[in-house]
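Each remark here refers to the structure printed beneath this line.
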2 protein chains.
Amino acid sequence: MSDRSRPTLATVAARAAVAPSTASLVFAGSDRVAPATRDRVLAAAADLGYAGPDPVARSLRSRRSGVVGAVIGDRLAHAFSDPVSVQLLDGVTEVLSPLGVGLLLLPGDADRHGPTLAQLAHVPLDAVVYATCGLEDDPALVHLQRRGVPVVAVDGPCVDDVVFVGIPDRRGTAELAGHLADLGHRRVAVVTLPLRLDGTRGLVGAARRAGTHHRTVRERTLGVEDTFGPVPAWETAANAVEEGERAGRQLLDVPAGGRPTAVVAQSDVLAAGVLRAADSLGLRVPEDVSVAGFDGAELPWLPPVRLTTVVQPTTEKGRVVGRAVTDLVAGRRPDDVVLDVHLSVGTTTGPPPPS
Amino acid sequence: MSDRSRPTLATVAARAAVAPSTASLVFAGSDRVAPATRDRVLAAAADLGYAGPDPVARSLRSRRSGVVGAVIGDRLAHAFSDPVSVQLLDGVTEVLSPLGVGLLLLPGDADRHGPTLAQLAHVPLDAVVYATCGLEDDPALVHLQRRGVPVVAVDGPCVDDVVFVGIPDRRGTAELAGHLADLGHRRVAVVTLPLRLDGTRGLVGAARRAGTHHRTVRERTLGVEDTFGPVPAWETAANAVEEGERAGRQLLDVPAGGRPTAVVAQSDVLAAGVLRAADSLGLRVPEDVSVAGFDGAELPWLPPVRLTTVVQPTTEKGRVVGRAVTDLVAGRRPDDVVLDVHLSVGTTTGPPPPS
DNA sequence: TTGAAAGCGCTACCAC
DNA sequence: GTGGTAGCGCTTTCAA
């Protein structure tokens, strides 16, 4: 196969006997080109096997690369075991793909949570979405702002010049807490998402709590405390079923007198783990203990149980993010958006056991 | 904030009183620059808030964008509900991220399976990975080859000038079939992955079978038939738990005499669905029916059951793909790779029930 | 409706 | 070690 250098717009233009600028108009889909000329150019392109203008060269002029970064604060295998992250990105791509804009994954790794500068610096980016894990002191964020790359943050971090898209975490959790209180619960425990990404697990003390990196965790804890006052919070090292199970076992494997009558997990995935823990300890849900989650994730392997949870419109959130990105790239500055949530009562919460 | 146009290399060079080429060397990390000069340039950059060379401009010269596309033959929410896809990409990013190369998601949508040309044409790509769903007649593939973008295909499609990374699907399944035969099974049914992405479900007839798009499905079916001869195959519309459950119910909800004594699902996710179906029909596994899968996916919600399955090194496969991409981008042409698989006997297979 | 020319910001090459 | 210079392939005025 002859590996001659690929044809360029200039080659095509020459062959069609038009100026490069005219050929450019043809590929831009301009309607101010005579149909005959257009066909001639297209024919020349076909002859030469020209696949259209080089995206890189085009980007250099147009100042737009068609690439939007998605910061994933962990290894993919971790982050995407959470259906919520996936649904979010699904919503984002649903909006951006038809516009010819692609999502570039910027995962962290086991140690560094968030992309390294090496990952960011060499890649063309029209905008960046902090999809999970918005840290408020991320060095990558500084780099992006300096480069003038607009940023959308999902559920945080809340920083100047970053568009925020989120939900009323606190109000949602408060609603859930109210439901539990109405049922008669008084002894409630919380299983939290990671307060910061350092692999810590266990009961959250005041010092640890003060160092909470994630807005989401903070708000979802406060929502419970708005009703119940200070409650024990057990931190997990990751948003994963195993972690929830581990936490659940710690909280539930105690004599009935000291055991919480309800466990509020800060995600459905964690709640699924707590359900497993209850099961393995021989505790019935909700007769012996109530369990609730957050997200309204579709976990196809969870039925026949229906988890009581706070439903957030995750895919729609992704679409909103997609639209915000579109605006940003077009030079508009979109408003922050706070979407709504609602309580969904399932089969995993009920009155506390008689004491 | 003064929104003056951002500084360029030229600006920085001027301020440091060096030539642009010298400044360029500094940012390239060259060691043939006098330390003093280097510091001067860096200082100038810091003063001006220069975030480093523009990736797009750099790409135009270096003919490298740092972006590798990942073709996902479905919506993200679908494709990534399969942990195998995620693990694969995880392996890919593990290799590429440290090199400053990012993965760009190129999902399809409900109708079009695979990215549209609009998605491909505007985005800079150093290479593309067909991560799932390699169709052999994909128009996008033609576009890429014309553009000179090298392609790596995972488990297919097998096409000229495309590097193939896969596993011995047929041999792996044959080994599994052998295990079942040894246990005494004679009546076996297969639950297949989609033969093509058109939403079809049900028993696979000869015509349908002839139109199989996916190498994987073909091979994994043949592997079973190598031992058992023609067996009933039930096609699912997607690789999802619900689909497996649906298929399982169809195959198992018959009188014991006509019921298969073993069901081989072509993925662990499907097998999990079959297990659910058996459970809901009151069938014990493996006493009443044996169930096996494929992949060796870690499904954290599956225990305490351990699925009998064919384990493939998914993350390693991703790493191999990452290395192949690295080679390709560097102008080398890597060899095709076929990784190994092995049978893992769990608790879901046993002797058939006495007839 | 088409063409000419000027860069986008950078790096590769060659000279010093 | 450093500087000059010529493009990478395209789009975008502006003029014809």
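Throughout, a chain's letter reflects where its sequence line sits, starting with A, and its residues are numbered from 1.
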Is the base of D:dG9 touched by the side chain of A:R61 through a donor-acceptor pair closer than 3.5 angstrom? no
Rounded to the nearest angstrom, tell me the gap between atom NE2 in A:H122 and atom C1' in C:dT11. 14 Å
Mind calculating the distance between CZ (B:R147) and P (D:dG9) to the nearest angstrom? 14 Å
Out of C:dA4, D:dC10, C:dG9, whichever nucleotide has its closest atom nearest the side chain of A:R63: C:dG9
With rounding to the nearest 0.5 angstrom, report the CG to CZ distance, B:L60 to A:R58. 13.5 Å
Rounding to an integer number of Å, can you tell me how far B:F27 CZ sits from C:dC10 P? 9 Å
What is the distance, rounded to the nearest whole Å, between atom CG of A:D54 and atom C1' of D:dG7? 14 Å
Just checking B:S62: base, sugar-phosphate only, or nothing, at a heavy-atom cut-off of under 4.0 Å? nothing
With no hydrogens and no angle check, is any side-chain donor or acceptor of A:D126 less than 3.5 Å from a backbone partner on A:G66? yes
What's B:S59 touching, base or sugar-phosphate or nothing? Going by heavy atoms closer than 4.0 Å. nothing
Can you check whether B:S24 has a side-chain N or O nearer than 4.0 Å to OP1 or OP2 of C:dT11? yes
Between A:R40 and A:A16, is there a donor-acceptor pair closer than 3.5 Å when you use the side chain of the first and the backbone of the second? yes
Scan B:V56 against the nucleic acid and name what it touches under 4.0 Å (heavy atoms): base, sugar-phosphate only, or nothing. nothing
Among D:dT2, D:dT12, C:dT2, the one nearest A:T37 by side-chain distance: C:dT2
Is A:Y50 near enough to D:dC10 that one of its side-chain N or O atoms lies under 4.0 angstrom from OP1 or OP2? yes
To the closest 0.5 Å, what do you measure between CZ (A:F27) and CG (A:L42)? 6.0 Å
Looking at B:S59 and A:V56, would you say the former's side chain and the latter's main chain have a donor-acceptor pair under 3.5 Å? no
Roughly how many Å is it from CZ in B:R40 to C1' in D:dG1, rounded to a whole number? 12 Å
Could you state the atom-to-atom distance from CG of B:L25 to P of C:dT11 in whole Å? 9 Å
Would you mind telling me which of C:dA4, C:dA12, C:dC10 lies closest to the side-chain atoms of B:S21? C:dA12
Go nucleotide by nucleotide along DNA chain D from the 5' end; which of B:L60 and B:D31 gets its closest nucleotide reached first? B:D31
Would you tell me if any nitrogen or oxygen in the side chain of A:T22 comes within less than 4.0 Å of OP1 or OP2 on C:dG3? yes
Report which part of the nucleic acid A:A36 touches: base, sugar-phosphate, or nothing (heavy-atom distance under 4.0 Å, all strands). nothing
Rounded to the nearest angstrom, tell me the gap between atom CZ in A:R32 and atom C1' in D:dA15. 14 Å
